Amino acid sequence: MAAGEVSSLEDCLEEHLPPAVLQHVWRMLYGKDTRKLDLPKSALTASLEKDFQLKGFGFEAAIEQLRQPRVVRVGLIQNKILLPTDSPVSEQVAALQKRIADIVEVAAMCGVNIVCLQEAWTMPFAFCTREKLPWTEFAESAEDGQTTRFCQELARKYNLVIVSPILERDEFHGDTLWNTAVVISNSGKVLGKTRKNHIPRVGDFNESTYYMEGNTGHKVFQTQFGRIAVNICFGRHHPLNWLMYSINGAEIIFNPCATVGALSEPMWPIEARNAAIANHCFTCGINRVGTEHFKNEFTSADGQKAHHEFGHFYGSSYVAAPDGSRTPGLSRIEDGLLVAELDLNLCRQINDKWAFKMTGRYELYADELAEAVQPNFDPYIVTE
Ligand SMILES: NC(=O)NCCC(=O)O
């Protein structure tokens with residue numbers, strides 16, 4: 001176990017609660033039981049050899065008369081960086097690519113159709129430092145950068161869709177940097193890209209020093225395995241961001257993140273799960289793991305001493321379903337692959353049951369928000 005870090009909430013409960021009680025606690029905390037997937041022995045052996053956690057769970061939907069089940073397997077990958085942050089940029093990227101290639105191979109063995117990697121997966125989360133070099137050197141073209149080409153090869157080889165969140169350099173628009181997820185089809189083609197809409201200005205997340213708020217709206221990508229969208233990290237705090245992906249038809253919304261325990265851990269199990277409930281879709285929260293060390297000290301502008309570390313990235317990646325159930329999380333300290341089998345029919349079944357879309361009264365909010373964003377907005381407060 002990493003110094004001072006608990007491996008997971010699930011491990012703590014299993015260690016300390018009697019089995020008869022545990023069963024009720026799981027139901028109260030995680031809703032309807034998810035089925036444990038029977039993953040191939042070869043995949044389990046490979047995950048042990050390559051030293052990452054492998055877990056698999058399935059969500060059920062009711063059998064319908066007129067629609068076949070729409071079963072898809074997603075793979076969520078969380079990982080530490082591998083080399084010291086002052087190693088040459090190209091070596092850091094190459095080491096991470098090798099690690100991801102190993103984990104994606106196991107995802108393919110488990111029949112995964114769509115893989116999502118963590119936010120800015122090719123690099124340390126160096127935005128705390130506010131230094132430009134060498135971090136901006138990790139930025140690449142979304143269309144034909146070496147990371148996209150690497151993912152294209154994997155996508156073709158294993159016939160799976162890959163969501164690859166990177167730091168993007170847009171050479172055609174003044175070398176602008178963006179925080180972008182590239183969606184690569186199982187055919188190997190780049191289906192498109194979608195940029196992070198909401199940029200944090202909290203704690204050491206000094207990301208606004210590097211890139212701009214995304215300008216790609218709320219795109220949804222039609223893949224062979226269902227309609228997917230990507231709400232990058234800080235966007236998970238914004239219910240309207242999730243809502244717009246859902247309004248555009250997303251059945252699965254991936255939420256690749258980089259976030260640390262002291263800041264956001266109490267929010268983590270709630271936000272993506274609530275979005276799955278509110279929007280009748282599946283959501284997948286992915287967070288990196290480990291503690292990253294930077295050579296030069298930086299301050300948090302809070303009067304405390306300068307330091308070299310951002311804090312602990314607590315992993316805990318999970319999948320939530322529209323009926324409010326969720327998988328257990330991956331470890332808080334280890335690399336991991338979470339495989340989840342989803343029947344996308346569950347989205348419409350829950351929509352028909354709870355009807356949050358039908359009862360949403362969006363026209364009320366459209367009108368009121370249109371007024372609220374005007375410079376001369378007068379808040380509707382009733383006084384005596
Ligand atoms: N990467 C990122 O946007 N992190 C912000 C902190 C958080 O949302 O928990």
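Model, not experiment: these values are computed from the prediction. Just so you know, ligand 1 is whichever comes first in the structure, and atom 1 is the first atom listed for that ligand.
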**Request:** Quick one: look at F205 and ligand 1, take heavy-atom pairs under 4.0 Å, and tell me if it's side chain, backbone, both or neither.
**Result:** side chain

**Request:** For the residue pair H238 and H198, categorise the inter-ring angle as parallel (less than 30°), tilted (30 to 60°) or perpendicular (more than 60°).
**Result:** parallel

**Sole residue of K80, Q118, R332, R288 in side chain to side chain contact (heavy atoms under 4.5 Å, CB included) with F313** = R288

**Where ligand 1 meets S264 - atom numbers and elements under 4.0 angstrom, heavy-atom basis** = 9 (O)

**Item:** Distance from atom 3 (O) of ligand 1 to nearest protein heavy atom, with residue and atom
**Value:** K196 NZ, 2.8 Å

**Prompt:** Which atoms of ligand 1 have any heavy atom of F125 under 4.0 Å away?
**Reply:** 1 (N)

**Asked** Would you call the rings of F138 and W135 parallel, tilted or perpendicular if under 30° counts as parallel and over 60° as perpendicular?
**Response** parallel

**Request:** Working to the nearest 0.5 Å, report the span between CH2 of W178 and OG1 of T194.
**Result:** 11.5 Å

**Fill in**
Within 4.0 Å of some non-hydrogen atom of R236, the atoms of ligand 1 are 7 (C), 8 (O), 9 (O)

**Prompt:** In ligand 1, which numbered atoms sit nearer than 4.0 Å to a non-hydrogen atom of F234?
**Reply:** 3 (O), 5 (C), 8 (O)

**Item:** Other residues, nucleotides, ligands: >12 heavy atoms within 6.0 Å of W26 CH2
**Value:** yes

**Asked** Which bit of V260 is near ligand 1, meaning a heavy atom under 4.0 Å away: side chain, backbone, both or neither?
**Response** neither

**Asked** So how far is it from F205 CZ to T259 OG1, rounded to the nearest 0.5 Å?
**Response** 4.5 Å

**Asked** With a cut-off of 4.0 Å, which atoms of ligand 1 are near a heavy atom of H237?
**Response** 7 (C), 8 (O), 9 (O)

**Item:** Nearest neighbour in protein (non-hydrogen) for atom 9 (O) of ligand 1
**Value:** T259 OG1, 2.6 Å

**Item:** A258: numbered ligand 1 atoms lying under 4.0 Å from its heavy atoms
**Value:** 1 (N), 2 (C), 4 (N)

**Complete:** ligand 1 to E119, heavy atom cutoff 4.0 Å, flagged ligand atoms 1 (N), 2 (C)

**Prompt:** Is I286 reachable from V106 through a run of hydrophobic residues whose side-chain heavy atoms are each under 4.5 Å from the next?
**Reply:** no

**Those atoms of ligand 1 less than 4.0 Å from some heavy atom in P200** = 2 (C), 3 (O), 5 (C)

**Closest approach of any protein heavy atom to atom 2 (C) of ligand 1, naming residue and atom** = C233 SG, 3.0 Å

**Item:** Whether S47 side chain and Q53 backbone form a donor-acceptor pair below 3.5 Å
**Value:** no

**Prompt:** Counting distance only, does the side-chain N/O of T176 pair as donor-acceptor with the main-chain N or O of H173 below 3.5 Å?
**Reply:** yes

**Request:** For ligand 1, indicate whether the residue E207 contacts it via side chain, backbone, both or neither (heavy-atom separation under 4.0 Å).
**Result:** side chain

